[in-house]
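Notes for the one structure printed next.
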Amino acid sequence: MRLIVMTAALSLSAPLALAEEKRDLDAHEHGVGALNIAFEGEDVAIEFEAPGADIVGFEHAATHAEDRAKIDAAIAALAKPLELFRLPDAAECSLVAAEVELHGEEDDDHDDHEEHANEDHHGDDDHNDSHHDEHAEEHAEDDHDEHESASHTEFHAEYQLACAAPGAIDRIEFGYFDVFPNAEELEIQLISDKGSKSFEVERGSTVLDLKGSI
């Protein structure tokens, strides 16, 4: 599915590939998502990314049924891009394909944490085995908590749209901010036969004027 975005972008006259705009998971900023859009003829390819905190309100692994339900609901909502990023009805756009995933990244110190937790401590004769086990257990729990809090999750979605009248696309209205109240901003990279342009859309100003841009 990622090839949909890349192929569409590379086949346009703009020299900038969407891949260059992709943010790293470990550098993401809470409240800020990214939206890459490529227009070619009647085809529209979209790539979306946002921190887990923006979409479900947390970034830890889903260990409870409540967390899992929030993630499932978010994925279902993200699978409906025309409700999140509304194009003019006159453009007659329809969804051809959608793929939504939740990506995660392990903290680089994970191995160090494991080694530290399992380290064999040798004390004086008066340190018995039970004290030894308690000490190791405490370290394991502390290191696990530190590791979990340092992890990042990010929602990633890719879409392909078909628009019968793409010339009618003069704006995008963002229902995204209503659906996801923790989201504050979207950084947008747009590629068309007119070149590459960047925009920012923030909560409170949710209509992007595209007149003359595509």
Side-chain angles (χ1 to χ4, degrees), residues 1-10 16-38 44-85 95-114 143-161 172 174-191 196 198-203:
M1 198 52 186
R2 182 178 298 277
L3 292 177
I4 293 174
V5 176
M6 302 310 301
T7 302
L10 292 172
L16 180 63
L18 291 180
E20 296 175 0
E21 298 298 321
K22 190 175 186 300
R23 300 170 305 132
D24 293 331
L25 281 171
D26 60 354
H28 71 188
E29 179 182 352
H30 289 181
V32 181
L35 190 67
N36 298 325
I37 310 174
V44 181
I46 302 174
E47 182 179 26
F48 165 82
E49 290 182 341
D54 292 19
I55 305 302
V56 292
F58 59 85
E59 292 198 337
H60 57 260
T63 55
H64 303 289
E66 183 180 355
D67 289 347
R68 186 68 253 175
K70 288 180 180 180
I71 290 174
D72 290 343
I75 289 175
L78 288 171
K80 301 175 181 177
L82 289 173
E83 295 181 12
L84 304 176
F85 318 116
L95 179 63
V96 175
E99 182 176 316
V100 183
E101 297 176 330
L102 177 61
H103 293 172
E105 182 178 79
E106 299 293 334
D107 185 82
D108 289 338
D109 294 331
H110 177 66
D111 292 338
D112 290 339
H113 288 164
E114 279 193 339
D143 290 338
H144 175 72
D145 291 341
E146 287 175 10
H147 169 59
E148 186 171 290
S149 65
S151 66
H152 297 291
T153 60
E154 186 159 289
F155 284 85
H156 181 93
E158 295 178 5
Y159 314 105
Q160 185 177 15
L161 310 180
I172 302 176
F174 290 86
Y176 168 76
F177 294 102
D178 294 326
V179 176
F180 302 112
N182 292 320
E184 297 294 335
E185 180 183 323
L186 278 175
E187 296 178 349
I188 300 170
Q189 182 73 22
L190 185 149
I191 294 179
S196 174
S198 298
F199 305 91
E200 288 185 2
V201 176
E202 297 180 350
R203 175 177 295 279

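Index from 1, following the sequence. Quick caveat, the model's predicted, so the values are computed rather than measured.
- Side-chain contact check for Glu154 and His156: no donor-acceptor pair (N or O, by modelled atom type) lies under 3.5 Å.
- Atom CZ of Phe155 sits about 10.0 Å away from atom CG of Asp54, to the nearest 0.5 Å.
- The closest side-chain heavy-atom distance from Ile55 to Leu102 is not below 4.5 Å.
- Considering every non-hydrogen atom in both Ala79 and Leu95, the closest pair reads O-CD2, 3.7 Å.
- For Asp67, the side chain to side chain donor-acceptor pair (under 3.5 Å) test picks out His60, with sequence neighbours left out.
- Asn182 is not listed as a side-chain neighbour of Phe58, based on a closest heavy-atom distance of 4.5 Å or more.
- Taking every heavy atom of both residues into account, Asp178 and Pro181 meet most closely at O-CD, 4.4 Å.
- Atom CD of residue Glu99 and atom CD of residue Gln160 lie 12.0 Å apart, to the nearest 0.5 angstrom.
- In this structure, CZ in Phe199 is found 8.5 Å from CD1 in Ile172, a value given to the nearest 0.5 Å.
- For the atom pair CG (Leu84) and CG (Leu35), the distance works out to 10.0 Å, reported to the nearest 0.5 Å.
- The minimum heavy-atom distance linking Ala183 with Arg203 is given by the pair O-NH2, 2.8 Å.
- Separation of atoms CD (Glu185) and NE2 (His30) is listed at 14.5 Å; rounding is to 0.5 Å.
- Listed by chain and residue number, Phe48, Val100, Tyr159 satisfy the side chain to side chain contact (heavy atoms under 4.5 Å, CB included) test with Ala157 (two or more places apart in sequence, or in another chain).
- Residues Gln189 and Ser196 are in side-chain contact: their nearest non-hydrogen atoms beyond the backbone lie under 4.5 Å apart.
- Side-chain contact between Leu161 and Phe85 is absent, with no heavy atoms from C-beta onward closer than 4.5 Å.
- Here the shortest heavy-atom pairing between Glu59 and Thr153 reads O-CG2, 3.1 Å.
- Across Phe177 and Leu186, no two heavy atoms sit closer than the pair CZ-N, 4.1 Å.
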